[in-house]
Amino acid sequence: MEDVSGDRGVLKEVIRPGKGGKVPCDATVILKYSGYLEHADKPFDTSCYRRHPRMMKLGQDITLAGMEIGLLTMQRGELSRFLFSPKYAYGTLGCPSLIPPSATALFEIELLDFLDTAESDLFYALSPEVQATFPLDKIIKIAGTEREFGNYLFKRNRFNDARDRYKRASSLLSCKASCDEESKLLEAAQLFVDLNLSLTYLKLERPSRALKWGEKALSIDNRNTKALFRCGQACLEMREYDKARNFLLKAQRLEPFNPDINNELRRLSSCYQDYMDKQREMCCRMFRSLSTRH
């Protein structure tokens with residue numbers, strides 16, 4: 001095993017190599033792990049059975065020094081085995097009833113992904129006055145990190161958390177541009193965030209908010225198919241059938257063979273037919289009631 005701590009306190013064996021760069025300091029990592037004691041077949045701690053893999057901030061959420069050191073040597077997709085001496089694991093005291101004193105621990109860690117959130121975390125720790133001095137390229141980069149974070153949360157169905165990250169990105173991108181070139185850069189970044197927020201609010205079953213963010217996206221690009229489609233979906237959920245039809249037909253004209261758009265138009269037709277049938281039934285009941293009175 002490779003000595004990655006310099007004093008043989010943390011030893012590493014790569015089971016499956018990863019790709020790309022190594023984890024930077026202060027990153028947020030997404031991982032699975034299992035911890036074993038010597039001569040034990042079953043782990044004393046594991047995250048492998050969780051529905052969603054753990055997301056941990058280096059320097060804050062990881063309590064084992066050995067795991068922190070080990071993660072900094074890993075790449076995306078890597079699966080490695082680490083051996084931690086007591087100094088880098090649970091110390092001379094251990095953890096009563098679970099970890100004996102001066103125990104050596106073996107951990108298998110799979111690094112699914114990581115986000116370099118250090119710059120973003122530092123930015124939000126500053127005062128608004130200091131934040132306002134940041135150049136535009138840094139602002140857009142930090143907003144991009146927030147959006148990436150939101151995308152990760154969205155894929156794991158954590159829609160409220162994803163919404164909060166997207167809104168942080170949107171707030172950053174609301175800064176004033178000093179020239180046309182900066183305006184274009186801000187609008188290009190804002191368009192993606194608006195689309196993300198529109199979809200997220202649809203998942204949260206808040207169609208009026210989804211429509212708002214979809215229309216914001218259309219104010220930047222009025223031929224954006226995703227924005228038109230999401231506005232149509234939102235209007236359909238609110239039973240505003242004429243508006244839904246207008247949005248969806250515009251989207252269909254841009255992408256006539258898009259199955260999602262065509263399926264939504266069929267759903268609209270079915271919902272509208274059900275609505276009209278109920279309206280006719282209600283009218284018939286009203287007329288029957290009036291005729292019996294006379």
Side-chain angles (χ1 to χ4, degrees), residues 1-50 52-126 130 134 138 141-142 144-146 148-149 151-153 156 165:
M1 300 181 82
E2 179 189 358
D3 178 11
V4 296
S5 61
D7 60 359
R8 300 197 61 78
V10 180
L11 303 178
K12 175 182 179 180
E13 177 187 3
V14 177
I15 301 171
R16 184 186 67 226
K19 294 181 180 179
K22 294 180 180 178
V23 176
C25 296
D26 299 322
T28 297
V29 295
I30 300 98
L31 55 85
K32 292 181 181 179
Y33 66 84
S34 294
Y36 299 83
L37 295 174
E38 283 187 289
H39 312 301
D41 295 326
K42 293 183 179 180
F44 63 84
D45 185 22
T46 183
S47 67
C48 293
Y49 302 114
R50 295 177 185 226
H52 301 300
R54 290 199 66 179
M55 184 164 53
M56 306 171 79
K57 172 76 174 169
L58 295 183
Q60 293 181 13
D61 301 326
I62 297 172
T63 56
L64 295 186
M67 185 180 286
E68 185 106 8
I69 291 169
L71 282 166
L72 291 171
T73 70
M74 297 183 73
Q75 301 168 292
R76 283 186 178 89
E78 180 180 323
L79 173 64
S80 287
R81 184 177 292 125
F82 294 91
L83 197 63
F84 303 150
S85 70
K87 174 184 174 182
Y88 292 94
Y90 298 94
T92 56
L93 297 178
C95 184
S97 79
L98 184 64
I99 311 294
S102 301
T104 297
L106 183 145
F107 271 79
E108 287 187 356
I109 301 174
E110 181 180 9
L111 181 64
L112 302 173
D113 202 356
F114 64 83
L115 296 169
D116 188 358
T117 57
E119 194 170 24
S120 179
D121 294 336
L122 176 63
F123 177 84
Y124 281 104
L126 301 172
V130 176
F134 272 53
K138 290 287 187 184
K141 182 182 177 184
I142 293 165
T145 300
E146 291 296 313
E148 284 180 27
F149 218 144
N151 290 344
Y152 171 81
L153 295 164
R156 282 143 187 86
R165 288 288 175 171

Among residues two or more places apart or on two chains, list those pairs meeting side chain to side chain donor-acceptor pair (under 3.5 Å) that have a residue in residues 11-23. Lys12-Thr73, Lys12-Glu78, Glu13-Arg81, Arg16-Glu110
Scan for ring pair (Phe, Tyr, Trp, His ring centres under 6.0 Å) pairs involving residues 81-101, sequence neighbours excluded, and state none if there are none. Phe44-Tyr90, Phe84-Phe107
Measure the shortest side-chain to side-chain distance between Arg165 and Leu153 over non-hydrogen atoms and say whether it is less than 4.5 angstrom. yes
Test side-chain contact (heavy atoms from CB on, under 4.5 Å) applied to Tyr33 and Leu64, Ile109, Thr46, Leu111, the passing residue: Ile109
Please examine the side chains of Leu83 and Val10, heavy atoms only from C-beta on, and report whether any two atoms are closer than 4.5 Å. no
Rounded to the nearest 0.5 Å, what separation is found between the CZ atom of Phe114 and the CD atom of Gln75? 8.5 Å
Are Asp116 and Pro24 packed together at the side-chain level, in the sense that at least one heavy-atom pair is separated by less than 4.5 angstrom? yes
Yes or no on side chain to side chain contact (heavy atoms under 4.5 Å, CB included) for Glu146 and Tyr124, after CA distance, side-chain angles and deciding distance? CA-CA 11 Å; Glu146 291 296 313; Tyr124 281 104; 3.7 Å; yes
OG of Ser80 to CG of Leu11, rounded to nearest 0.5 Å, is 12.5 Å
Which distance, rounded to the nearest 0.5 Å, do you find between the OG1 of Thr28 and the CZ of Phe149? 4.5 Å
With rounding to the nearest 0.5 angstrom, report the OG1 to CD distance, Thr117 to Glu148. 10.5 Å
Count the heavy atoms belonging to other residues, nucleotides or ligands that lie under 6.0 Å from NZ of Lys57, then report whether that count exceeds 12. yes
Show every salt bridge (charged side-chain N to carboxylate O under 4.0 Å, His left out) that has at least one partner inside residues 61-76, sequence neighbours left out. Arg76-Asp113
For Val4 and Ile69: C-alpha separation, side-chain torsions, deciding distance, then whether side chain to side chain contact (heavy atoms under 4.5 Å, CB included) applies. CA-CA 8 Å; Val4 296; Ile69 291 169; 4.3 Å; yes
Shortest non-hydrogen contact from Ala118 to Cys25? CB-O, 4.0 Å
Rounded to the nearest 0.5 Å, what separates atom CG in Leu71 from atom CG in Leu58? 6.0 Å
Any sub-3.5 Å donor-acceptor pair from Ser5's side-chain atoms to Gly9's backbone N or O? yes
Using a 4.5 Å cut-off on heavy atoms from C-beta on, say whether the side chain of Ser120 contacts that of Ile142. yes
Side chains of Phe134 and Lys141, heavy atoms from C-beta outward: is any pair under 4.5 Å? no
Heavy atoms, side chains only, cut-off 4.5 Å: are Pro100 and Leu37 in contact? yes
Residue pairs fulfilling salt bridge (charged side-chain N to carboxylate O under 4.0 Å, His left out) with at least one residue in residues 25-44, sequence neighbours excluded: none
Pairs touching residues 95-107 that satisfy side chain to side chain donor-acceptor pair (under 3.5 Å), sequence neighbours left out: none
Tell me every residue that passes side chain to side chain contact (heavy atoms under 4.5 Å, CB included) with Pro17, counting only those two or more places apart in sequence or in another chain. Val14
How many angstroms lie between CG in Leu106 and CD in Glu108, if you round to the nearest 0.5 Å? 6.5 Å
Report yes if some heavy atom in the side chain of Val23 is under 4.5 Å from a heavy atom in the side chain of Val29; otherwise report no. yes
